[in-house]
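A, B, ... follow the sequence lines: proteins, then strands. Residue 1 opens every chain. The model shown is predicted, which means the values in this text are computed figures rather than measured ones.
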Amino acid sequence: MEIEQQLSASIKAAVKSLYNIELSDKQVQLSPTRKEFEGHLTLMVFPFMKQTPIKNPELLGQAIGEWLVNNEPLVTKFNVIKGFLNLSINAGSWVEKLQSIYANPSFGIQPVNCNAPLVMIEYSSPNTNKPLHLGHLRNILLGWSLSKIVAACGNRVVKTNIVNDRGIHICKSMLAWKKWFDGATPESTGKKGDHLIGDCYVAFDKHYKAELKDILANDPEIQGIHVFKDQLPDGTLPEDVEKTAEARKGVAEMKSTLMQEAREMLRKWEAGDPEVRELWSMMNEWVYAGFDETYRMMGVGFDKIYYESNTYLEGKGLVLDGLEKGLFFRKADGSVWADFTKEGLDQKILLRKDGTSVYMTQDIGTAKLRYQDYPIDKMIYVVGNEQNYHFQVLSLLLDRLGFKWGKDLVHFSYGMVELPNGKMKSREGTVVDADDLMAAMIDDAREASSERLADMSDEEKQNVYRIIGLGALKYFLLKVNPVNNMVFNPAESIDFNGNTGPFIQYTHARIKSVLRKAEAETLSAEGLDGVEISEKEQTIIQKLLDFEQVVKRAGAEYSPALIANYTYDLAKEYNQFYHDTSILKEEDARKRQFRLVLSTCVARVIKTAMDLLGIEVPERM
RNA sequence: GGUUCGAUAGCUCAGCUGGAUAGAGCAACUGCCUUCUAAGCAGUCGGUCCGGGGUUCGAAUCCCCGUCGAAUCACCA
C-alpha cells in the first residue's frame, strides 16, 4: 500500500516536472500488473493524456517511465504496452515491506480506542417457535463476521439480538404442546428444546390444516360462498374459482376452533394470565437452551439480547408523543398512521384501531431501549432482503422521531438461501436444519481426514473435524456476495477441495508444519537486506500488503465475501510457491530465512482473515 | 401494476471507484507423491458477460429501453 502511495506521488511529480501539470488522485490509476506482462504495478496514462502535449500513449508512458527510473528509487525498470506503463519495483522494497508486516502481529487490524464510533449490529433475531435453519445460519454468520470486520476497522461494536418471543406463533406451539404432547419435556424426550417446540409447531399446523380441510368440505355456510366474474355478453355469470377459494379459506380460518383457541391464548398472554405466562416461560426457556447450544457450536454470541416481550409495548409511547407533535395522524377509526407520501413511499400504520402495536411499533420500541442502553453512533440490522421496504420505512420513521442514527441506519440486506428446486418451506419439510447440517459437515470432515490424524488423541481429532467441517460450511455461506440469493444443494455435500474453507485451512496447516520443523532455527526478519527473491515471492508480498485495504473495503461495503475471496487468492498464490520452492532444503541461509518469514506472515494473515469470517484454522489437518 | 434487487462457462460463483486477450472452483479428461502435508500443483475442454441502444480513447462494469427471475407493496412478524 505504501509502495503505491509513494509511487503515486512520484508519478504526479513526474508529470509536473515534465509537463507542468497537476494530476488529481483519480487520474493516477495504479493496478497490479497482469501476469502476462513484466512488472509489478501498472499505470494507465489515458486519464490524463489529453492534458499533456503528447498525444501518443506509448510515448507518454515512455517519458514517464524514464523519469521514474531516474528519479524514483522504487522503480528499477519499465515497459510500455499501448497506454499501459508497467513498472518494476526493486526487490529490496518488497523485502522491507515484508519485514514491517512481520513486525506487526496485528497487521491489517485497526486499533480501537474508547472514543471510536459505537456500532450496534443486530443479527439472528429468531422466532421462538422453531429451531434455526440454513437461512438463519447465513444471517448469523454474516452478522458475526460483520461484527469482526467492523471492529477491525477501528469501531467499537455491540452485537445484539432481538428475540421474537411473543405472538401468535408461540401460542400455536403452546397450544399443540398442551393438546398432544402429554407433558413432554426436553429431558423426557432427549430432544433439544428448540426442536421439541418445532415439533409442536408442526403438529399444530398439521391439525390446523386437517381442520380447515374438514370445514371447507363440510360447512354448509362456506359451501354457499361464491364469487363471480363480470357478466359475459351472453348474460352468464362465470364463477371466479380462485377468488371463491380464497374467500372460503378466509372464512374457514375464522371458524377454525384451533385458531380461535390460539388467539384466545394470545389474548390471555397479553392480559398476563398466570397459567399461560408460566407455560410460555417454560417453553421459551427450552428454546433458549437449544439456541444457546446451536450458537455455541457455531462459535458465535451476543453482547446484549433484547426480547420482544419487553420491547413491544415501548414503541407505543413514542408513537403517541409523535402524534401529539403532529408527526403522525389518526384516522377516523382511531388507528395511527405515518404519512411518507412526500418521501415517495406510502402511509404506514403504527397503531391498530384498538391501540395495539404492530411490527413497526415494536422496532421503534426496541430502538428506544437500545438507545437508552448505549450511545449508538451507527446501527446495522442484518435482516433478509424480504424486509427491504420495512427498513426503508423504519429509517424515515426513526429519523422523524429524532434518533440521530435513524437516517443512516444500515439495513444489511442479504439474499435468500434457496434449494435447487426453490425456496425452503418449513411446511413442506424441505428446511435444512442448522444443527443437522453442522453435524453432517463434521461427519464429512471425519471421513475425509481420520486417516491423516492417526497419532492424535480422540479429543484432538474431534476438534480438528469440528474446525474443518464448520470451516467448510461457514466459508461456503460467506464467500458469496451477500446481496445475491444463493443455492445450496443438500444432495451434494459441501466440497473440501478448490475454493473452500478447508483448502485455506490446509494451506495454514501446511505452513505450520514447515514452521514446526524449522523450529530449531531462530526465526528473524533481520538481516534480509539484499536477499534475492523470486517473482512469485514478490507477488505474495504484494498480496499480503493488500490485506489492509481489503479489510477496510469489506468494512465500508459490509462484505465478508471480499475477505473470503482475498484469503482464497492468497492461499492459492502460496500453494503455488510452496509447490515449486523448497524452504527447509534451501541451502542459502538468508533465502531460507526469508521464506520462513514469508510463510509465517502468510499463515498469520490467513489466520487473521479467517477469524474475521468466524472460521478457525487448525495447526494440523 | 408500483418499488427494490438480480441475470457472467454445463453447475456454483469472482470480477474494486470504467482499463490490456473476462477469471476461479466443481464436473469431464491428462500429467505430477523415494523430496517441507497430493484437502495440493500443472494442463486440456468449456463464454452472444440476458437482448438492444447510448456515453468515450476504452463498457461485463456507467445511463436509457426491453426480456426473464426474486422480493416487497398486510391493522403477519
Side-chain angles (χ1 to χ4, degrees), chain A residues 26 29 31 33-34 36-37 42 44-47 49-50 55 57 81-84 86 125 127 164 166-169 308 312 331 333 335-337 344-346 348-354 356-360 362-363 384-390 392 413 415-416 418 420 422-423 445 448-449 452 468 472 476 479-481 483-489 492 495-507 509-518 546 549-550 553 557 559 561-562 564-566 568-569 571-572 575-586 595-596 599 620-621:
Chain A
K26 256 198 161 166
Q29 291 180 25
S31 58
T33 302
R34 292 176 67 111
E36 55 267 41
F37 304 106
T42 296
M44 261 84 66
V45 303
F46 298 108
M49 190 173 67
K50 272 189 187 164
K55 299 306 176 195
I81 296 169
K82 295 195 258 180
F84 301 91
N86 301 319
S125 311
N127 287 355
N164 183 10
R166 62 164 286 281
I168 193 73
H169 55 86
E308 230 171 70
Y312 85 106
K331 285 197 175 172
D333 67 358
S335 56
V336 178
W337 296 70
L345 301 176
D346 232 330
K348 191 79 191 172
I349 189 160
L350 300 177
L351 291 175
R352 297 189 185 97
K353 63 186 171 197
D354 62 5
T356 56
S357 311
V358 294
Y359 182 36
M360 193 62 81
Q362 296 176 18
D363 265 351
N385 61 14
E386 62 212 346
Q387 295 193 29
N388 285 353
Y389 182 73
H390 173 80
Q392 213 178 330
S413 164
M416 300 290 102
E418 290 167 356
K423 283 181 76 168
S449 54
R452 306 160 166 268
I468 296 171
F476 179 84
K479 76 171 173 184
V480 179
N481 182 345
V483 305
N484 292 332
N485 288 0
M486 63 181 294
V487 178
F488 172 79
N489 189 343
E492 309 167 5
D495 229 306
F496 288 0
N497 301 316
N499 186 356
T500 66
F503 171 91
I504 296 166
Q505 291 171 324
Y506 179 69
T507 309
R510 263 180 155 181
I511 296 175
K512 283 315 186 98
S513 173
V514 172
L515 294 177
R516 274 193 302 274
K517 290 184 175 155
D546 286 345
Q549 284 307 305
V550 171
R553 226 186 106 202
E557 296 180 24
S559 182
L562 292 175
N565 287 307
Y566 164 82
Y568 173 67
D569 287 343
K572 198 169 168 50
N575 275 326
Q576 289 164 356
F577 159 77
Y578 178 93
H579 181 262
D580 37 47
T581 316
S582 57
I583 300 169
L584 299 174
K585 294 210 165 76
E586 170 59 48
R595 288 171 193 167
L596 287 169
S599 300
R620 287 184 53 193
M621 66 185 274

K.L.:
Is the phosphate of C76(B), meaning OP1 or OP2, less than 4.0 Å from a side-chain N or O of Arg352(A)?
P.N.:
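Yes, within the criterion.
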
K.L.:
Answer with base, sugar-phosphate or nothing: what part of the nucleic acid does Ser125(A) contact at a heavy-atom distance below 4.0 Å?
P.N.:
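The answer is nothing, as Ser125(A) stays clear of every strand by at least 4.0 Å.
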
K.L.:
Once you apply a heavy-atom cut-off of 4.0 Å, does Pro57(A) come out as touching a base, just sugar-phosphate, or nothing?
P.N.:
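Pro57(A): no heavy atom of the nucleic acid under 4.0 Å.
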
K.L.:
Can you tell me how far P in C68(B) sits from the matching atom in G51(B), rounded to whole Å?
P.N.:
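Straight-line distance between the two P atoms is 15 Å.
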
K.L.:
Categorize Asn86(A) for me: base, sugar-phosphate, or nothing, with a 4.0 angstrom heavy-atom threshold over every strand shown.
P.N.:
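Touches a base.
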
K.L.:
On a whole-Å scale, what distance lies between the C1' atoms belonging to C41(B) and G47(B)?
P.N.:
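One C1' to the other, the span is 26 Å.
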
K.L.:
So, Thr500(A) versus Asp495(A): side-chain donor-acceptor pair below 3.5 Å or not?
P.N.:
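Absent: no donor and acceptor within the cut-off.
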
K.L.:
Would you classify Ser31(A) as touching base, sugar-phosphate or nothing, given that sugar-phosphate means primed atoms plus P, OP1 and OP2, and contacts are heavy atoms under 4.0 Å?
P.N.:
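Here Ser31(A) touches no strand at all.
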
K.L.:
Describe the nucleic acid contact of Gln362(A) in one word from base, sugar-phosphate, nothing, applying a heavy-atom distance below 4.0 Å.
P.N.:
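Here Gln362(A) touches the backbone only, sparing every base.
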
K.L.:
What I want to check is whether an N or O donor and acceptor connect the side chain of Asp333(A) with the base of C75(B) at under 3.5 Å.
P.N.:
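By the distance-only test, yes, there is a pair.
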
K.L.:
Would you indicate, yes or no, if U12(B) has its OP1 or OP2 atom less than 4.0 angstrom from a side-chain nitrogen or oxygen of Lys479(A)?
P.N.:
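Lys479(A) to U12(B) OP1/OP2: no side-chain N or O under 4.0 Å.
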
K.L.:
Looking only at atom P, what distance separates U48(B) and C26(B), rounded to whole Å?
P.N.:
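U48(B) and C26(B) have their P atoms separated by 23 Å.
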
K.L.:
Once you round to the nearest 0.5 Å, how far does CZ of Phe577(A) lie from CZ of Arg595(A)?
P.N.:
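It comes to 5.5 Å.
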
K.L.:
Hey, does Leu351(A) reach any base, or is it just sugar-phosphate, or nothing, if we go heavy atoms under 4.0 Å?
P.N.:
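Nothing: the residue Leu351(A), judged by heavy atoms under 4.0 Å, touches no strand.
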
K.L.:
Does a nitrogen or oxygen in the side chain of Asn565(A) sit under 4.0 Å from OP1 or OP2 of A24(B)?
P.N.:
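No.
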
K.L.:
Measure the spacing between CD1 of Ile349(A) and NZ of Lys331(A) and express it to the nearest 0.5 Å.
P.N.:
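Going from CD1 on Ile349(A) over to NZ on Lys331(A), the span is 7.5 Å.
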
K.L.:
To the nearest 0.5 Å, what is the distance between OG1 on Thr507(A) and CE on Met621(A)?
P.N.:
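Interatomic distance, Thr507(A) OG1 to Met621(A) CE, rounded to 0.5 Å: 8.5 Å.
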
K.L.:
In whole angstrom, give me the gap between the P atoms of C5(B) and C63(B).
P.N.:
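It comes out at 10 Å once rounded to the nearest Å.
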
K.L.:
Is C33(B) syn or is it anti, if syn means the base angle is within 90 degrees of 0?
P.N.:
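It is syn.
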
K.L.:
Output yes when at least one side-chain N/O atom of Lys517(A) is less than 4.0 Å from OP1 or OP2 of U37(B), else no.
P.N.:
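Checking U37(B) against Lys517(A), a side-chain N or O does come within under 4.0 Å of OP1 or OP2.
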
K.L.:
Choosing from U21(B), A39(B), A14(B), which nucleotide comes nearest the side chain of Asn497(A)?
P.N.:
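The nucleotide sitting nearest to the side chain is A39(B).
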
K.L.:
Expressed in whole Å, how much space separates the P atoms belonging to C49(B) and G40(B)?
P.N.:
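Straight-line distance between the two P atoms is 31 Å.
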
K.L.:
Just to be sure I understand: a Watson-Crick pair is purine N1 to pyrimidine N3 plus N6-O4 or O6-N4, both under 3.5 Å. Using that and G-U wobbles, which stems of three or more pairs involve RNA chain B?
P.N.:
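Runs of three or more consecutive pairs: B:1-7 with B:67-73, B:10-13 with B:23-26, B:28-32 with B:40-44, B:50-54 with B:62-66.
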
K.L.:
Mark yes or no for whether Ser357(A), through its side chain, and Tyr312(A), through its backbone, hold a donor-acceptor pair below 3.5 Å.
P.N.:
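Checked: pair present.
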
K.L.:
Look at the side-chain N and O atoms of Arg553(A) and state whether any lies under 4.0 Å from the OP1 or OP2 oxygen of C16(B).
P.N.:
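False: Arg553(A) side-chain N/O out of range (4.0 Å or more) of C16(B) OP1/OP2.
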
K.L.:
Report the distance from atom OG1 of Thr581(A) to atom CD of Glu586(A), rounding to the nearest 0.5 Å.
P.N.:
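Atom-to-atom, Thr581(A):OG1 and Glu586(A):CD are 9.0 Å apart.
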
K.L.:
Expressed as a whole number of Å, how far does the P atom of G10(B) sit from that of C73(B)?
P.N.:
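Between the two P atoms, the distance is 36 Å.
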
K.L.:
Below the 4.0 Å mark, does A38(B) have OP1 or OP2 next to a side-chain nitrogen or oxygen of Arg510(A)?
P.N.:
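Checking Arg510(A) against A38(B): at least one side-chain N or O falls below 4.0 Å of OP1 or OP2.
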
K.L.:
What's the gap between A14(B) and C50(B) when it is taken at their P atoms, as a whole Å value?
P.N.:
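Comparing P positions in A14(B) and C50(B) gives a spacing of 14 Å.
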
K.L.:
Given A77(B), A39(B), A14(B), identify the nucleotide with an atom nearest to the side chain of Ile468(A).
P.N.:
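Of all the options, the side chain of Ile468(A) is nearest to A39(B).
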
K.L.:
Determine whether the aromatic ring of Phe84(A) stacks with the base of A20(B), defined as ring centroids separated by less than 5.5 Å and ring planes inclined by less than 30°.
P.N.:
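Base of A20(B): stacked against Phe84(A).
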
K.L.:
Determine: side-chain N/O of Ser513(A) to OP1/OP2 of C36(B), distance under 4.0 Å, yes or no.
P.N.:
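For C36(B), neither OP1 nor OP2 has a side-chain N or O of Ser513(A) closer than 4.0 Å.
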
K.L.:
Measure from the side chain of Leu584(A), starting at C-beta and using heavy atoms only, and say which of C36(B), G19(B), A42(B) lies closest.
P.N.:
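Ranking C36(B), G19(B), A42(B) by closest atom to the Leu584(A) side chain puts C36(B) first.
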
K.L.:
Please indicate yes or no: is the ring centre of Tyr506(A) less than 5.5 Å from the centre of the six-membered base ring of G40(B), with the two planes inclined by under 30 degrees?
P.N.:
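Check failed, Tyr506(A) does not stack on base of G40(B).
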
K.L.:
Whether the side chain of Thr500(A) and the base of A39(B) hold a donor-acceptor pair under 3.5 Å is what I'd like checked.
P.N.:
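Counting by modelled atom types and ignoring angles, no donor-acceptor contact under 3.5 Å is found here.
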
K.L.:
Base, sugar-phosphate, or nothing for Ser413(A), non-hydrogen atoms under 4.0 angstrom?
P.N.:
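It contacts nothing in the nucleic acid.
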
K.L.:
When rounded to the nearest 0.5 angstrom, what distance separates OH in Tyr506(A) from OG in Ser449(A)?
P.N.:
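Interatomic distance, Tyr506(A) OH to Ser449(A) OG, rounded to 0.5 Å: 12.0 Å.
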
K.L.:
Within the structure, does a side-chain N or O atom of Asn575(A) lie under 4.0 Å from either OP1 or OP2 of A38(B)?
P.N.:
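Checking A38(B) against Asn575(A), no side-chain N or O comes under 4.0 Å of OP1 or OP2.
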
K.L.:
Answer with base, sugar-phosphate or nothing: what part of the nucleic acid does Phe37(A) contact at a heavy-atom distance below 4.0 Å?
P.N.:
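Result for Phe37(A) = base.
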
K.L.:
Is the aromatic ring of Phe46(A) within stacking range of G19(B), meaning centres under 5.5 angstrom and planes under 30 degrees?
P.N.:
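Stack criterion met.
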
K.L.:
What's the OH-P distance between Tyr568(A) and C41(B), to the nearest Å?
P.N.:
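Interatomic distance, OH of Tyr568(A) to P of C41(B): 7 Å.
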
K.L.:
A side-chain contact here means heavy atoms from C-beta on lying under 4.5 Å apart; do Met486(A) and Phe476(A) qualify?
P.N.:
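Side chain of Met486(A) against side chain of Phe476(A), heavy atoms only: contact under 4.5 Å found.
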
K.L.:
Taking atom C1' in both U37(B) and C32(B), compute the distance separating them and give it to the nearest angstrom.
P.N.:
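16 Å, rounded to whole Å.
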
K.L.:
Can you measure from CD1 (Ile81(A)) to CZ (Arg34(A)) and round to the nearest 0.5 angstrom?
P.N.:
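Reported to 0.5 Å precision, the distance equals 11.0 Å.
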
K.L.:
Treat primed atoms plus P, OP1 and OP2 as sugar-phosphate and everything else as base, then score nucleotides 69-74 of chain B 5' to 3': B for base contact with protein heavy atoms under 4.0 Å, S for sugar-phosphate contact only, - for none.
P.N.:
-SSS--

